[in-house]
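Order of listing sets the numbers, starting from 1, for every ligand and every atom in it. All values below come from the heavy atoms of this structure, side chains included, with hydrogens, waters and symmetry mates left out.
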Amino acid sequence: MSAGSLAPWLLTGMGGVLGWGIRQSLPQHIFALAGRVRPDFWPDAPGIRLDLAAPGEFRAALEMLKPSVVVHAACMSRAQECADSPERTRQVNVLAVEEWLATTSSMGSFPLYVSTEQVFDGRAESYAETSPVCPLSLYGETKAEAEAMVLAAGGAVVRLPLLLGPEVGRGRCGADTAILNAVRAGRRLGLFEDEWRTPVAAAALGPMLWKIAAQRIPGVFHLSGSESVSRLQLGEIACELAGLEPNFDAVSAASFAGPPRSLKLNLENTRSQEVLGWEPPNLRQSLAWNSLTHR
Ligand SMILES: NC(=O)c1ccc[n+]([C@@H]2O[C@H](COP(=O)([O-])OP(=O)(O)OC[C@H]3O[C@@H](n4cnc5c(N)ncnc54)[C@H](OP(=O)(O)O)[C@@H]3O)[C@@H](O)[C@H]2O)c1
């Protein structure tokens, strides 16, 4: 089925920072939503209740909607929460993906899976779309496992870096907003000076996802920003642009007590630039984008 057909495109994970970003640029009239709670910023698309932790619910939703495209962004994405609840993580991040692909394999539905930089261990200088995965955390492991299933089914995998964006409700916000909120509240933060990411504005991503889905382009894409920055640099530049006085302690990621963290996650965008025309924004562009699109 093509994008112009009546079958809807189904989006999961609409309540996250990415869901907010997609909402800014995709033609919502072709979307149906599946999730646990409908966020305020998606008031109009048809919605269906879906809890990925309940086996069979994804299958029932898919059989009812028969979507021509599924953009699957929902997952358990907090590394600590995954480590604390490994069985639930496996159900939500792996078994639900297996259920999705098994159900839609005979529908001609195109699978687009949203993944993460966390499928890499952070020991290399940077990672290409062709680099073999090597996750450190359970979160990264389950995302890598799901990626492999989607690729075997002929779908697309879009790996994202740290996302920047506003508060989107239910305690969720982009990494920049989390830092700025703390500064505004007068809290002194410790920010890693030795952990590197290539962050991007969530609002920049919609047109690229739209293009992959409309043209049904299989394989792996990276959609990251052009600049590698530490969390400390992110905080300093975000404060500068927001006109706030930085209030940070520079700390080492080695001091972090939680699940293993990948130190250097620099995503290369070679294929997405060549095939999609992705123009990776630098950090200031992404931060400016957020202030423009913030509502
Ligand atoms: N945020 C980042 O910095 C980042 C970086 C790299 C990759 N990503 C990827 O981008 C995607 C979206 O991330 P995000 O940050 O926008 O989302 P998020 O804030 O982590 O929220 C997770 C989303 O998944 C949904 N979800 C979680 N458990 C669910 C369940 N049992 N049943 C149904 N839905 C469930 C949540 O629904 P509720 O609203 O009902 O809780 C929410 O919409 C993920 O695949 C993530 O791996 C994100």
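Against a heavy-atom cut-off of under 4.0 Å, A53 is close to the following atoms of ligand 1: 31 (N). The atoms of ligand 1 that sit less than 4.0 Å from any heavy atom of L163 are 1 (N), 2 (C), 3 (O), 4 (C), 48 (C). Heavy-atom contacts of V17 reach the following atoms of ligand 1: 14 (P), 16 (O) (cutoff under 4.0 Å). Those atoms of ligand 1 that come under 4.0 Å of a heavy atom in D51, given as number and element, are 30 (C), 31 (N), 32 (N).
When only interatomic distances are considered, the shortest N/O to N/O separation between G19 and ligand 1 does not fall below 3.5 Å. Taking only nitrogen or oxygen atoms, main chain and side chain alike, M76 does not reach within less than 3.5 Å of ligand 1. Considering backbone and side-chain N/O of E117, none are found under 3.5 Å from N/O of ligand 1.
For the residue pair N282/S226, the side-chain donor-acceptor check at 3.5 Å is not satisfied.
The list of side chain to side chain donor-acceptor pair (under 3.5 Å) pairs with a residue in residues 106-117, not counting sequence neighbours, reads Y113-K143, S115-E147. A ring pair (Phe, Tyr, Trp, His ring centres under 6.0 Å) check over residues 123-142, counting only residues at least two apart or in different chains, returns the pairs F120-Y127.
Of the listed options A73, G35, G13, A73 places a heavy atom closest to atom 13 (O) of ligand 1. Between R172, K143, R197, it is K143 that holds the heavy atom closest to atom 45 (O) of ligand 1. For atom 29 (C) of ligand 1, the nearest non-hydrogen atom from the set M14, Q118, R36 belongs to R36.
A cation-pi contact links R261 to F256, judged by a cut-off of 6.0 Å to the six-membered ring centre and 45° from its axis. For R271 and F221, the positive end sits near the middle of the six-membered ring, less than 6.0 Å away and at most 45° from its axis.
Here the side chains of F58 and L95 are not in contact, with every heavy-atom distance at 4.5 Å or above.
Of all the heavy atoms of S115, the ones lying under 4.0 Å from any atom of ligand 1 belong exclusively to the backbone. Residue R78 does not touch ligand 1, judged by heavy-atom distances below 4.0 Å.
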